[in-house]
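Counting starts at 1 for both ligands and their atoms, in listed order.
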Amino acid sequence: MKKILLTLAALGMTLAAVAQPQLRADNVEEVLKAMTLQEKATLLVGGARAAMVNGVTSGVAANVPGAAGNTRPIERLGIPSTVLADGPAGLRIQPTRPGDSNTYYCTGFPVGTLLASSWDLSLVEDVTKAMGNEVLEYGVDVLLAPGMNIHRNPLCGRNFEYFSEDPLLSGKMAAAYVKGIQSNGVGTSIKHYAANNQETNRNEDDAIISQRALREIYLKNFEIAVKEADPWTVMSSYNKLNGDYTQQSEGLLTTVLRDEWGFQGIVMTDWGNKAGTVKSAKAGNDLMEPGNQNEIDRIIAGVQDGTISQEELDRNVRNMLNYIVRTPRFKGYQFSNKPDLKAHAAVARKAAGESIVLLRNEGVLPLKGTEKVALYGVSSVDFVAGGTGSGDVNKAYVVNMVQGMENAGFTLDKGLVDFYNAFQAYDKAQNAISGSAFSWFSRRKLTEQAIPDAGIANEAKANDVAVVVLGRNAGEGADRKMMDDFELTAVERELLQKVSSSFHAAGKKVIVVLNVGGVIETNSWKNLVDAIVLPWSPGQEGANAVADVLTGKVNPSGKLPMTFPVNFMDHPSSSNFPYNYNANASRGFFWGPRQPQKDVDYTRYEEGIWVGYRHFVTRDVTVSYPFGYGLSYTTFAYSKPVVKAVADGFQASITVTNTGSVAGKEVVELYVSAPAGGLEKPARELKAFGKTRELQPGESQTLTLQVSAYELASFNEAASAWEAAAGSYKVQFGASVDDIRATAPFTLKKAQNWPVHNVLAPQEK
Ligand code: BGC
């Protein structure tokens with residue numbers, strides 16, 4: 001009898017081992033039970049890194065060439081390989097395939113910073129609906145986007161991918177972005193979670209941040225996006241945060257993300273292979289990307305020696321299975337490889353035009369569109385549509401300023417156009433000879449050229465107006481520099497001076513177009529010129545959109561999502577940001593052990609919550625252009641606001657009237673000043689915003705905005721709780737953080753608090 005039982009048990013085990021349920025949306029538990037340890041470990045580790053050929057990742061490992069990564073299939077159980085590809089300014093895949101005459105270009109949409117400058121959530125959703133359609137139709141399951149780290153300092157090399165210095169604006173933008181993409185039935189990966197605020201030594205740098213600054217500034221935007229938009233995935237960052245790699249931080253990935261915010265999807269690593277695979281899996285990092293066999297082996301060993309429990313392993317595998325059943329790949333979607341690129345280009349152009357920020361306009365814009373224009377600057381031909389690195393979309397074309405201006409009907413000074421085109425061709429030929437052409441991490445940009453005085457004097461006579469394009473390219477893998485990047489170069493400065501004096505002497509105006517990926521210095525030169533237009537990096541239709549604004553076809557309605565300081569050092573974070581970092585001198589690879597280097601191996605966020613306008617406004621530091629600032633070709637009047645208490649906070653309404661002579665849209669920003677006493681607070685903080693529809697002259701619209709008590713709360717480290725103090729709050733409607741147009745009080749009768757886990761405290765260095 002005993003023998004029979006044993007045989008039956010053995011048979012049962014064998015049957016279980018070979019049980020082959022096929023994955024369905026409703027049998028995740030059954031499939032989980034049927035998986036072997038080897039299969040479970042395999043599912044937690046992505047496909048191997050795709051090869052990089054001529055600056056493009058080849059997709060041998062990733063079923064869609066050029067996609068950044070994939071998940072591994074388990075055919076026995078009907079688990080397909082799903083495909084992950086970058087973002088955020090569009091889908092990044094390889095545009096051509098060997099032996100295939102079709103092309104696979106994707107639309108280059110405006111970068112994150114330009115989208116945020118729209119302050120328009122429905123515009124962002126329209127853009128990402130179109131972008132997500134390309135994700136779906138090119139056979140990709142998850143777009144590795146949006147990038148949403150806070151603009152802590154102007155020099156972060158990837159700021160152009162990110163939205164804002166303010167967590168509310170960043171979080172709302174990210175939520176709209178996620179909703180648009182996911183409305184196509186494909187996923188997003190909000191990144192890089194968290195505190196990946198510099199590129200210098202991004203793999204190892206330890207961001208040391210107070211719990212308050214972390215909760216209020218660096219996690220708040222992720223909290224909003226997770227709670228409002230349910231992203232399918234979150235990407236943990238490369239860096240450390242308060243001592244742990246973020247991808248190995250249980251406090252970050254499980255306690256805060258899942259237990260407190262209710263995140264339901266999967267967490268994947270950013271693209272590396274850290275040795276602590278088991279620690280990552282245990283902390284709640286479900287997927288290692290890209291993966292390799294070592295990681296599979298480590299997970300198996302970790303389960304066998306008990307470092308990671310069966311329950312923890314199963315938790316991650318269950319998350320993966322629940323993710324996979326949502327994907328188009330799993331559902332067998334027949335993608336076309338033929339998204340409507342023409343329609344999407346129109347979306348990109350419209351979005352860029354409506355997001356452009358007009359910084360200055362002393363009686364020159366809009367132009368008629370028929371003027372003779374002297375177009376200066378190498379960036380008029382070497383126009384930057386996006387940035388470099390993983391965020392660079394392989395688009396079919398980029399409309400540069402020469403083409404954009406000509407398309408709009410302007411007549412360009414031929415001598416200048418020929419000069420810049422010839423210089424670009426010469427530079428290209430030189431690079432072909434030296435072999436130093438564009439590489440993935442490269443941020444090559446034509447260097448600005450001096451123009452002889454006599455030439456400028458002639459051009460001032462022969463043309464109606466000057467347009468000077470100043471450009472900057474930035475991207476993944478390196479931070480920008482203070483000199484000759486944040487600051488203008490000597491040649492650029494001289495060009496501006498000479499063009500301004502010659503054109504002004506001839507009674508003509510000068511317009512500057514800032515084709516930049518991040519904030520630059522403007523205070524020292526802005527008064528030299530008559531207008532400044534800021535399109536950031538506006539995507540493939542870029543200069544068409546700039547021309548739309550120059551001619552008034554589009555009335556600009558963008559506003560700054562960050563502050564333009566007078567000096568770089570005015571940002572408190574500048575004193576602990578690697579702005580004079582010298583890679584060769586500091587790494588010390590060949591000189592043996594060395595002291596950990598501040599701002600390279602660790603960065604203490606000494607400024608705490610005093611990031612961006614929170615610092616400038618509270619401490620009354622003069623800025624060049626404040627947060628939330630942007631001009632229009634019309635003017636708007638704000639009514640007296642009506643603020644009333646509702647069950648959970650307050651509701652505030654304001655009527656905005658177009659008092660000028662052309663149609664336009666207005667962004668309205670709601671700031672709140674908290675009652676005195678209790679925690680020290682910024683003088684005012686953005687708590688809500690809205691944008692009117694296009695208002696005709698004389699037309700009005702009432703905007704109603706809602707702010708909950710929780711949104712009024714600040715983080716008290718001592719109590720490990722969010723606290724909203726009782727008392728009188730000043731509700732302010734502004735056209736920028738420095739231009740408050742209307743104010744009303746709101747009283748919170750009873751103090752409220754929301755305790756959270758005491759996690760992620762800094763460990764002293
Ligand atoms: C970047 C991510 C990107 C990933 C895949 C990493 O180096 O930091 O933003 O999604 O590569 O390309």
Side-chain angles (χ1 to χ4, degrees), residues 45-53 55-62 64-71 82-94 106 111-113 131 135 140-150 156-163 174 177-178 181 186-205 207 222 231-241 245-247 266-274 285 287-292 386-394 439-443 474-479 517:
V45 175
R49 186 182 284 279
M52 191 99 84
V53 183
V56 179
T57 41
S58 86
V60 191
V64 175
N70 64 357
T71 60
T82 64
V83 180
L84 321 165
D86 280 303
L91 175 66
R92 176 179 166 83
I93 57 172
Q94 202 169 292
C106 299
V111 297
T113 298
M131 198 188 287
V135 176
V140 171
D141 297 287
V142 173
L143 185 73
L144 302 171
M148 54 182 296
N149 294 99
I150 291 291
C156 172
R158 293 184 82 172
N159 273 354
F160 70 96
E161 295 185 57
Y162 307 150
F163 297 117
Y177 187 114
V178 167
I181 298 284
V186 295
T188 53
S189 192
I190 61 175
K191 68 187 188 185
H192 309 86
Y193 185 63
N196 185 179
N197 302 103
Q198 70 187 54
E199 288 298 285
T200 304
N201 197 22
R202 65 176 172 160
N203 272 297
E204 300 299 325
D205 184 62
F222 284 96
W232 287 15
T233 89
V234 168
M235 187 188 292
S236 53
S237 54
Y238 286 124
N239 55 286
K240 291 179 189 161
L241 168 59
Y245 289 112
T246 58
Q247 57 175 263
I266 59 164
V267 176
M268 69 177 80
T269 62
D270 198 346
W271 261 234
N273 173 16
K274 303 228 191 268
N285 202 119
L287 177 63
M288 313 299 147
E289 278 295 342
N292 63 28
T388 61
S390 60
D392 189 16
V393 177
N394 294 310
S439 83
W440 196 65
F441 277 130
S442 141
R443 53 180 59 181
E476 185 177 353
D479 291 312

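Side-chain contact between S390 and R158 is present, with heavy atoms from C-beta onward closer than 4.5 Å. Between L144 and M235, the closest side-chain pair of non-hydrogen atoms falls below 4.5 Å. Looking at heavy atoms from C-beta onward, T269 lies in side-chain contact with S236 at the 4.5 angstrom threshold. For the pair E199/Y238, no side-chain contact is recorded, criterion being any heavy-atom separation below 4.5 Å from C-beta on.
Contacts with ligand 1 closer than 4.0 Å are made by no heavy atom of E199, backbone or side chain. With a 4.0 Å cut-off on non-hydrogen atoms, E289 does not touch ligand 1 at all. At a 4.0 Å heavy-atom cut-off, ligand 1 touches R202 through the side chain alone.
Of the options N203, D86, L144, the smallest heavy-atom separation from atom 12 (O) of ligand 1 is shown by D86.
No heavy atom of E161 sits closer than 4.0 Å to any atom of ligand 1.
Numbered from 1 in the order shown, with element, the atoms of ligand 1 that lie under 4.0 Å from a heavy atom of K191 read 2 (C), 3 (C), 9 (O), 10 (O). Taking every heavy atom of A68 and a limit of under 4.0 angstrom, the matching atoms of ligand 1 come to 5 (C), 12 (O). Close approach of ligand 1 to M235 (heavy-atom distance below 4.0 Å) involves ligand atoms 10 (O).
Of the N and O atoms on the side chains of D479 and T200, at least one donor lies less than 3.5 Å from an acceptor on the other residue.
For the pairing with T82, the side chain to side chain donor-acceptor pair (under 3.5 Å) check across D141, T71, N70 returns one residue only, T71.
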